[in-house]
2 protein chains.
Amino acid sequence: MFGLDNIIDLFIDNLKKLFFPEEWIELDMKFSKTEIFSILYLDKRKEITMTELVEYINVPMSTATGIVDRLVKKGYIARERSETDRRIVVLRLTEEGSRLIENLKDLIYKYLDMILADLTDEEKQFLARIALKIVHNLENRLEPKKAETQNKNQVKKIDIE
Amino acid sequence: MFGLDNIIDLFIDNLKKLFFPEEWIELDMKFSKTEIFSILYLDKRKEITMTELVEYINVPMSTATGIVDRLVKKGYIARERSETDRRIVVLRLTEEGSRLIENLKDLIYKYLDMILADLTDEEKQFLARIALKIVHNLENRLEPKKAETQNKNQVKKIDIE
DNA sequence: ATATAATATTACGGAAACCGAAATATTCGC
DNA sequence: GCGAATATTTCGGTTTCCGTAATATTATAT
């Protein structure tokens, strides 16, 4: 369509190089996939409950307990009871957890830097703009909650068959 | 440095949406990570030996045998002995395996298409060019084998401590 | 020709991370 | 106080990987 066809093949061929450089290995050893997602989600939300975590990473409650167990034992997240409702467990990153995220972002940043080394400044600028656009697109496309609720009581288009 | 700093945060926040859309789920259920890499590598190389596979996916031989066992049982790859050296096992994709790859590429293509929906044609063109550059950069950076072997018997730099 | 090396499979036992179901504990709201 | 909500614990089972060692088959070198 617009010349990305063959690029896809190229990217698939280089998938391994792209997503599994040496730098990732340590991370890969330290955490499972769900653990990484849990930490990242926690970093984003600052405070979440077990139920929220379960909804996000999409695992049974018993599994989530295990995941959190490990992360607590490793010292990356803190597990406290809510003051207002003592049934609820509140998760948050410890300082070590925050440091971990910082390091992770640093790693990603350096990795990107390496990958983008060949690009000119203009290309980088352009790429940054496009990346922003893509992320926004993603957000709208996969999470149109706000828009939905906003339009909820406005107009209801009815498809006619 | 060039405006990608905050973009990284944005991307991390959307990691899950980016890399684990609904479409991927079926794939995730059907294969382990190493299985996917094995199939993709096989598609790229057309024919490989167990040893080559092991070098690529970086697992013990006994594990690789298990991986291939599963993929053979599922009908995606064929396992034959080399005619010229009967110790060697030659792996190749079956027709069903090739179809699988085709579908996978199709999936990726559609997914990309969705993600890039917001971009103008010029932006897509530009992105294609940049992508090419990045991949080439990757190839040179992580696989300078040819250059190495060429220089092998030329000069040997000796580190002095 | 025989010993050695290379290639791969098989056979263990063991670990990590997950599933799902059921039992338990605490606490909240009514 | 009772039923619902929140989370943990327990338990048996599955998958996928690890690492070691034994075995089988074939190629190569002396």
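To find a chain, count down the sequence lines: A is the first, B the second, and so on, and within it residues start at 1.
- The shortest distance between the side-chain N/O atoms of A:R70 and the OP1/OP2 oxygens of C:dA16 is not below 4.0 Å.
- Two rings, from B:Y76 and B:F31, have their centers less than 6.0 Å apart.
- In this structure, the CG atom of A:L53 is 10 Å from the P atom of D:dA7, given to the nearest Å.
- Between B:D69 atom CG and D:dT16 atom P the separation is 12 Å, expressed in whole Å.
- Contact annotation: the side chain of A:R79 never approaches that of A:R92 to less than 4.5 Å [non-hydrogen atoms, C-beta and beyond].
- Between C:dC18, C:dT9, D:dA7, one nucleotide has an atom nearer to the side chain of B:M50 than all others, and that is C:dT9.
- Contact check on A:K74 versus A:E96 returns no salt bridge, with no Lys/Arg side-chain nitrogen under 4.0 Å from an Asp/Glu carboxylate oxygen.
- With salt bridges taken as basic N to acidic carboxylate O contacts below 4.0 Å, one links A:D43 and A:K105.
- Distance from the side chain of A:T63 is smallest for C:dC18 among the nucleotides D:dT6, C:dT9, C:dC18.
- Taking atom CG of residue A:L91 and atom C1' of nucleotide D:dT6, one finds them 12 Å apart after rounding to whole Å.
- Atom C1' of nucleotide C:dA23 and atom CE of A:M61 are separated by 16 Å, given to the nearest angstrom.
- The separation between A:K74 atom NZ and C:dA17 atom C1' is 11 Å, rounded to whole Å.
- Within the 4.0 Å cut-off from OP1 or OP2 of C:dA17, not a single side-chain nitrogen or oxygen of A:S32 is found.
- Heavy-atom nearest nucleotides on DNA chain C were determined for A:R81 and for B:A64, and the one closer to the 5' end corresponds to B:A64.
- With rounding to whole Å, A:K73 atom NZ is found 10 Å from C:dA16 atom P.
- B:N58 has its CG atom 14 Å from the C1' atom of D:dG19, to the nearest Å.
- Ionic pairing of B:E123 and A:K133 is present here: one or more N-O contacts between side-chain nitrogen and carboxylate oxygen are shorter than 4.0 angstrom.
- Relative to the ring axis of A:F37, B:K16 does not place its NZ or CZ within 45° and under 6.0 Å from the centre.
- Nearest approach of A:L15 to B:L40, heavy atoms of both residues: CD1-CD1, 3.5 Å.
- Rounded to whole Å, the distance from CG on B:L71 to C1' on D:dT16 is 12 Å.
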Using a 4.0 Å cut-off on protein heavy atoms (strictly under), produce a 5'-to-3' string for nucleotides 21-30 of chain D with B for base contact, S for backbone-only sugar-phosphate contact, and - for none. ----BBS---

